[in-house]
Amino acid sequence: METQNNRQEKDNENGKRPSVDFIRTIVAEDIRTNKWGGNVITRFPPEPNGFLHIGHAKSICLNFGIAAENKEGRCHLRYDDTNPVTEEARYVNSIQEDVRWLGWDWGEHLYYASDYFEKMYEYAVQLIRKGLAYVCDLTADQITEYRGTLTVSGKDSPYRNRSVKENENLFRRMRDGEFEDGSRVLRAKIDMKSPNMNMRDPVMYRILHADHHRTGGKWCIYPTYDWAHGLEDSIEGVTHSICTLEFENHRPLYDWYLDRLEIHHPQQIEFARLELTYTVMSKRKLLQLVDEGHVKGWDDPRMPTISGMRRRGYSPESISQFCKRISVSKFNSTIDVALLEHCLREYLNKTSNRVMAVLRPLRVVIDNYPENEVEWMEAYNNPEDQNAGTRKVPFSKVLYIEQEDFMEAPPRKFYRLSPGKEVRLRYAYFVTCTDVVKDDKGRIVELHCSYDPATRGGNAPDGRKVKSTLHWVSDVHALKVEVRLYDYLFKKERPEEVSEGNDFKSNLNPNSIQVLSDCMAEPSLKEAKPLDRFQFERLGYFCIDPDTSRDNLVFNRTVTLRDTWAKIQKKQQK
RNA sequence: UGGGGUAUAGUGUAAUGGUAGCACGAUUGAUUCUGGUUCAAUCUGUCCGGGUUCGAAUCCUGGUACCCCAGCCA
């Protein structure tokens, strides 16, 4: 919010009007004209049938954000729990945890659509009495048939003209459980010839003898989305009911119900849902990945779920920043995941303590360094944050460096270690490679180097420069840790683009996870706790996974550092 | 001639009749004890055709493309 205010000030300085998205423009105009008595009441209305994902975060930041920006604003967290067959209490809990983690507070405004069931029933009776709703005995197939198609208008149900009395009686008996699932529905009497399919006598209630996660067996009729949603908004006094684009066609129905009932009528506003490259965003597809075991659960660090991203090492700040940057519009867009990663790195760079860890260790012996000697070298915890202080890192005769930091026959622009070359070991000494030891298959197993004692701390008194600085870990002090490397879940930028006969899962990336169990980390990491974040120098940002145990530290790679060398390599290969 | 939406650099997003700007990205260079960070420069754009106007991304008009709708899901 601070950023938002700063931006507005800056724009005003230039004499320009602050640029805000179209929804905030509407809200601001409504405040100016006192349309809602100065109130701004929004809501975030998830159905508890899955975990929240980054797309929901966009909606959360929008709804809670708008409320927070306005003096009289508030945002409700409301569970849209009108379908007992797909909803579960465990989802209710995860949703609250995620919204809270993202930094938002609904205060006492936590609501459930299921708490309004009685009230909704009464409103339905009102509509029946006004002759605007009727009980229909057509089967589901028949209803579909009578509805017509996009280009052919529908025809009236034979039950459309039942008397008010009969409708009231039948509806009462639906509620009382006299009828089987699917045998009858309550429908709004609107217009079977409407070009908008949603207006062709939509179903308001269906019979469902199913236990609800909150109301248990109390109800056997459940309201449909269109009937329920506007009532929920109305009952809560919502002013701006913000939803995604696919509900645009439903707005006339939203308006119709509230107009006929003559009750508080919020304004529905639609925006484009978030799509991201290299991932899928629909709950249905994410559920499929979980159920079919393509990932280890809703909170798998590869998932675009809030819980997955949290476990991966994302901060709420970076997600909020991302939502701010992408803004809100009605254009169906796909955001480059690089922008998300940019926001992530931006935050992590400023806040993460640096440590040294080696992912694929290569043993290095410093031949001229005294046996059994240990020096504790001073290292900055975070060069971006002076308050982060320093720590001591042990240096000794036998070390590990990264396998990829050594090449026997280096290509052009390879600045790292190779035979005869001198490099710096970060915060320690300059070393020169003197010998390469191989096994009988010709694989490099050990390096021998000499060090220059005059370069202690990392600088040469004679002023000579070195092209490269390597990270390292002392053998005897090293913590052996597990590191899980993640890549995009899908190989294609747009996983939905598939060849004939395939679905999005054919684009799954088989290498989206790689587990390294023989990594070496500096000893300061010993006391790290789940969700602690670090930068492994020169490698990326890492976060302790909850799978960590006392004798096995497990790290998730949140995101790599930007890697110019990798780009050069890629180009050289071409 | 079913209805409802949307079109601005590669990706997003501003400009509300008056210099098409910003971010990400890409490229190049500088700085650097992280090939990180930071800094500088460069790159690429108004869907198409007419019209109104001194002046159009913006207004009018005619096209085109894409998205959504035929659940008793939300």
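Please read all numbers here as calculations on a predicted model, not as lab measurements. So that the names make sense, note that chain A is the first sequence line, chain B the second, and so on, each numbered from 1.
- With Tyr121(A) as the aromatic partner, Arg175(A) meets the cation-pi criteria of under 6.0 angstrom to the ring centre and within 45 degrees of the ring axis.
- Computed from coordinates, the Ile401(A) CD1 to U34(B) P distance equals 17 Å when rounded to whole Å.
- Counting any heavy atom pair closer than 4.0 Å across all strands shown, Thr277(A) reaches no nucleic acid atom.
- Residue contacts shown for Ile568(A) include a base, since a base heavy atom lies under 4.0 Å away.
- The existence of a salt bridge linking Arg538(A) and Asp405(A) is confirmed by a sub-4.0 Å separation between a basic side-chain nitrogen and an acidic carboxylate oxygen.
- There is a side-chain donor-acceptor pair under 3.5 Å between Asn49(A) and Glu47(A).
- Which of U11(B), U34(B), U6(B) sits closest to the side chain of Lys330(A) comes down to U6(B).
- The number of heavy atoms from other shown groups lying within 6.0 Å of OH (Tyr380(A)) does not exceed 12.
- Here the side chain of Thr564(A) is nearest to one of U34(B), G35(B), U8(B), namely G35(B).
- At a threshold of 4.0 angstrom between heavy atoms, the contacts of Arg354(A) include nucleobase atoms, whether or not backbone atoms are also involved.
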Practice prompt. Between protein and nucleotides 69-74 of chain B, map the contacts as a letter string: B base, S sugar-phosphate only, - none, heavy atoms under 4.0 Å, written 5' to 3'.
Written response: BBSBSB
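- Across the interface with RNA chain B, nearest-nucleotide mapping of Thr151(A) and Ser327(A) shows Thr151(A) to be the residue nearer the 5′ end.
- Here U13(B) is the nucleotide among A23(B), U13(B), U37(B) with the atom lying nearest to any side-chain atom of Phe331(A).
- Taking the side-chain hydrogen bond (donor to acceptor under 3.5 Å, both in side chains) definition, one finds that Asp462(A) meets it with Arg464(A), sequence neighbours left out.
- Residue Ser194(A) is classed as having no contact, given no heavy-atom separation below 4.0 Å to the nucleic acid.
- At the heavy-atom level, Tyr427(A) lies under 4.0 Å from base atoms of the strands shown.
- Looking at heavy-atom distances under 4.0 Å, Lys567(A) makes contact with sugar-phosphate atoms alone, never a base.
- G71(B): glycosidic angle within 90° of 0, hence syn.
- Distance CG (Asp255(A)) to C1' (G4(B)): 14 Å, rounded to an integer number of Å.
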Worksheet entry | Secondary structure of RNA chain B in dot-bracket form (Watson-Crick or G-U wobble, distances below 3.5 Å, | marking inter-strand pairs) | .((((((..((((....[..))))((((((.......))))))...(((((..]....))))))))))).....
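- Heavy-atom nearest nucleotides on RNA chain B were determined for Ala338(A) and for Thr25(A), and the one closer to the 5' end corresponds to Thr25(A).
- The distance between atom CG of Leu339(A) and atom C1' of U11(B), rounded to the nearest whole Å, is 9 Å.
- In this structure, Leu561(A) reaches the bases: a heavy-atom distance under 4.0 Å links it to at least one base atom across the strands shown.
- The CG atom of Leu245(A) sits 13 Å away from the C1' atom of A7(B) (whole-angstrom rounding).
- Proximity note for Arg538(A) (side chain, C-beta onward) versus A23(B), G2(B), U34(B): the nearest is U34(B).
- Nucleic acid contact for Gln535(A): base, since at least one base atom lies under 4.0 Å from a heavy atom of the residue.
- The nucleotide whose nearest atom lies closest to any side-chain atom of Ile335(A) is, among U34(B), G25(B), G12(B), G12(B).
- With hydrogens and angles left out, the side-chain atoms of Ser183(A) and Glu180(A) include no donor and acceptor closer than 3.5 Å.
- Between Arg345(A) and G36(B), a side-chain N or O to OP1/OP2 separation shorter than 4.0 Å is absent.
- The CG-P distance, from Asn381(A) to G36(B), rounds to 21 Å in whole Å.
- For the pair Asp21(A) CG and C22(B) C1', the computed distance is 16 Å after rounding to whole Å.
- The side chain of Lys193(A) contributes no N or O atom lying less than 4.0 Å from OP1 or OP2 of G2(B).
- Counted within 6.0 Å of CZ on Arg273(A), heavy atoms from surrounding residues, nucleotides or ligands total 12 or fewer; the atom is thus considered open.
- Counting non-hydrogen atoms under 4.0 angstrom, Phe414(A) reaches a base of the nucleic acid.
- Counting non-hydrogen atoms under 4.0 angstrom, Arg416(A) reaches a base of the nucleic acid.
- Protein atom NZ of Lys571(A) is 8 Å distant from nucleotide atom C1' of U27(B), rounded to whole Å.
- No hydrogens or angles were tested; on distance alone, nothing pairs the side chain of Arg562(A) with the base of U37(B) as donor and acceptor under 3.5 Å.
- Atom pair Leu344(A):CG and A23(B):C1' shows a separation of 17 Å (rounding to whole Å applied).
- Taking only distance into account, the side chain of Glu384(A) meets the base of G36(B) through a donor-acceptor pair shorter than 3.5 Å.
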